[in-house]
Amino acid sequence: MATINIKDYKIGFTDQIFFDTNIWLLLYGTMANYQAKEQKIYTDFFQTLLQKATPIFLTSMVISEFANVILRRDFNQWISTEKLSNKDFKKDFVGTAKYEETISIIAVAVNKILKLPNIVIVGDDFNAINKEAILENFKLVDFNDSYYAELAYMNKYKVVTNDKDFIKMSSKIDIISAQV
């Protein structure tokens, strides 16, 4: 398959798209003007997908990763802002006002994603996926990226990502990215 520059990609009628978590973070994350150039590129692509009613496939693992990235970032900001040290995420942060505020913000973002008209929620198919391939690619990239690549291969999804790690794996899938 191929790695395709997002600016050159023409969305096909039968395309099935899978957004890596980093794309959801660029579109719905809570960091204003973070990677503004990339946000614009992926937002434009996303808008085109919406206009064409192209399905975007989504698993609970992506939502979990999305929420955890934002929670951990806000935990680290809380430590920095409050000038704290030796704080544990679960023992010290969970249950605080800042944690509750972050959870509320994440819930709003997740609900917006889930209500998109072209979202297709799918199971993780872990029972049927090639676990040996996941573990082989896990030597090159993180487990989630390896899993997403195998899920995409199994379901013929095209993966939209801003993560160069996908390029490290054998090219069994189409990757659409601004990182080309």
Side-chain angles (χ1 to χ4, degrees), residues 6 9 11 14-82 89-127 129 142-152 154-163 165-166 173 175-178:
I6 196 165
Y9 188 73
I11 300 165
T14 61
D15 283 355
Q16 299 187 109
I17 303 295
F18 183 90
F19 280 1
D20 187 13
T21 306
N22 60 59
I23 301 303
W24 291 116
L25 288 164
L26 286 170
L27 297 173
Y28 287 91
T30 56
M31 293 178 56
N33 295 320
Y34 175 73
Q35 294 181 317
K37 180 182 172 189
E38 287 85 357
Q39 280 183 349
K40 170 95 172 91
I41 291 167
Y42 291 106
T43 298
D44 291 348
F45 186 76
F46 175 63
Q47 291 298 326
T48 303
L49 292 173
L50 283 173
Q51 290 167 356
K52 292 182 177 254
T54 303
I56 302 172
F57 292 83
L58 179 68
T59 68
S60 62
M61 192 171 191
V62 170
I63 295 296
S64 174
E65 193 175 20
F66 176 88
N68 285 326
V69 165
I70 295 171
L71 270 173
R72 290 292 176 170
R73 187 210 57 223
D74 281 10
F75 168 66
N76 290 330
Q77 286 178 344
W78 176 71
I79 288 172
S80 177
T81 302
E82 300 295 323
F89 177 81
K90 287 186 178 182
K91 289 180 185 174
D92 300 314
F93 184 60
V94 174
T96 65
K98 180 60 179 166
Y99 176 85
E100 297 295 332
E101 176 187 334
T102 300
I103 292 295
S104 295
I105 291 167
I106 292 169
V108 168
V110 168
N111 279 320
K112 285 180 180 179
I113 293 167
L114 294 175
K115 290 178 182 174
L116 291 166
N118 59 334
I119 286 296
V120 179
I121 299 170
V122 294
D124 71 6
D125 289 325
F126 196 68
N127 60 315
I129 205 163
D142 73 49
F143 185 87
N144 288 358
D145 288 348
S146 181
Y147 157 75
Y148 296 148
E150 278 307 305
L151 184 69
M154 189 171 86
N155 292 294
K156 298 178 177 60
Y157 300 149
K158 296 177 186 315
V159 176
V160 179
T161 185
N162 199 45
D163 185 347
D165 281 352
F166 276 87
I173 59 173
I175 300 163
I176 303 165
S177 179

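Every heavy atom of this structure was used, including side-chain atoms; hydrogens, water molecules and symmetry mates were not.
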K.L.:
List the atom of Asp163, the atom of Asn22, and the distance in Å for their closest heavy-atom pair.
P.N.:
CB-ND2, 3.2 Å
K.L.:
Shortest non-hydrogen contact from Asn144 to Met61?
P.N.:
OD1-CE, 2.7 Å
K.L.:
To the nearest 0.5 Å, tell me how far Gln39 CD sits from Ile41 CD1.
P.N.:
11.0 Å
K.L.:
Between Tyr147 (side chain) and Asp124 (backbone), is there a donor-acceptor pair under 3.5 Å?
P.N.:
yes
K.L.:
Of the non-hydrogen atoms in Ile23 and Asn162, which two are nearest, and what is the gap between them?
P.N.:
CD1-N, 3.7 Å
K.L.:
Applying the ring-ring contact (aromatic ring centres under 6.0 Å, His included) test to Phe57, which of Phe18, Tyr157, Phe19 qualifies?
P.N.:
Tyr157
K.L.:
State the NZ-CG distance between Lys98 and Leu71, to the nearest 0.5 angstrom.
P.N.:
10.0 Å
K.L.:
May I ask you to test the Leu114-Leu58 pair for a side-chain heavy-atom distance under 4.5 Å?
P.N.:
yes
K.L.:
Determine whether the aromatic ring centres of residues Tyr42 and Phe46 are separated by less than 6.0 angstrom.
P.N.:
no
K.L.:
Between Lys90 and Val94, what is the shortest heavy-atom contact and its length?
P.N.:
O-CB, 3.5 Å
K.L.:
Is any side-chain heavy atom of Ile70 closer than 4.5 Å to one of Phe66?
P.N.:
yes
K.L.:
Should Leu50 and Asn118 count as side-chain neighbours, where that means a heavy-atom distance under 4.5 Å?
P.N.:
yes
K.L.:
Any heavy-atom pair between the side chains of Asn155 and Gln16 that's under 4.5 Å?
P.N.:
no
K.L.:
Can you see which heavy atom on Thr96 is nearest to which on Phe93, and at what distance?
P.N.:
OG1-O, 2.8 Å
K.L.:
Let me see the working for Ile129 and Leu151 under side-chain contact (heavy atoms from CB on, under 4.5 Å), right down to the final yes or no.
P.N.:
CA-CA 7 Å; Ile129 205 163; Leu151 184 69; 4.0 Å; yes
K.L.:
For Asp20, run the side-chain contact (heavy atoms from CB on, under 4.5 Å) check against Val62, Thr161, Ile175 and tell me which one passes.
P.N.:
Thr161
K.L.:
In the structure I gave you, are the side-chain heavy atoms of Leu25 and Val69 within less than 4.5 Å of one another anywhere?
P.N.:
yes
K.L.:
Which pair of non-hydrogen atoms, one from Val159 and one from Ala152, has the smallest distance, and what is that distance?
P.N.:
CG2-CB, 3.4 Å
K.L.:
In this structure, which one of Ile106, Val110, Ile121 forms a side-chain contact (heavy atoms from CB on, under 4.5 Å) with Ile63?
P.N.:
Val110
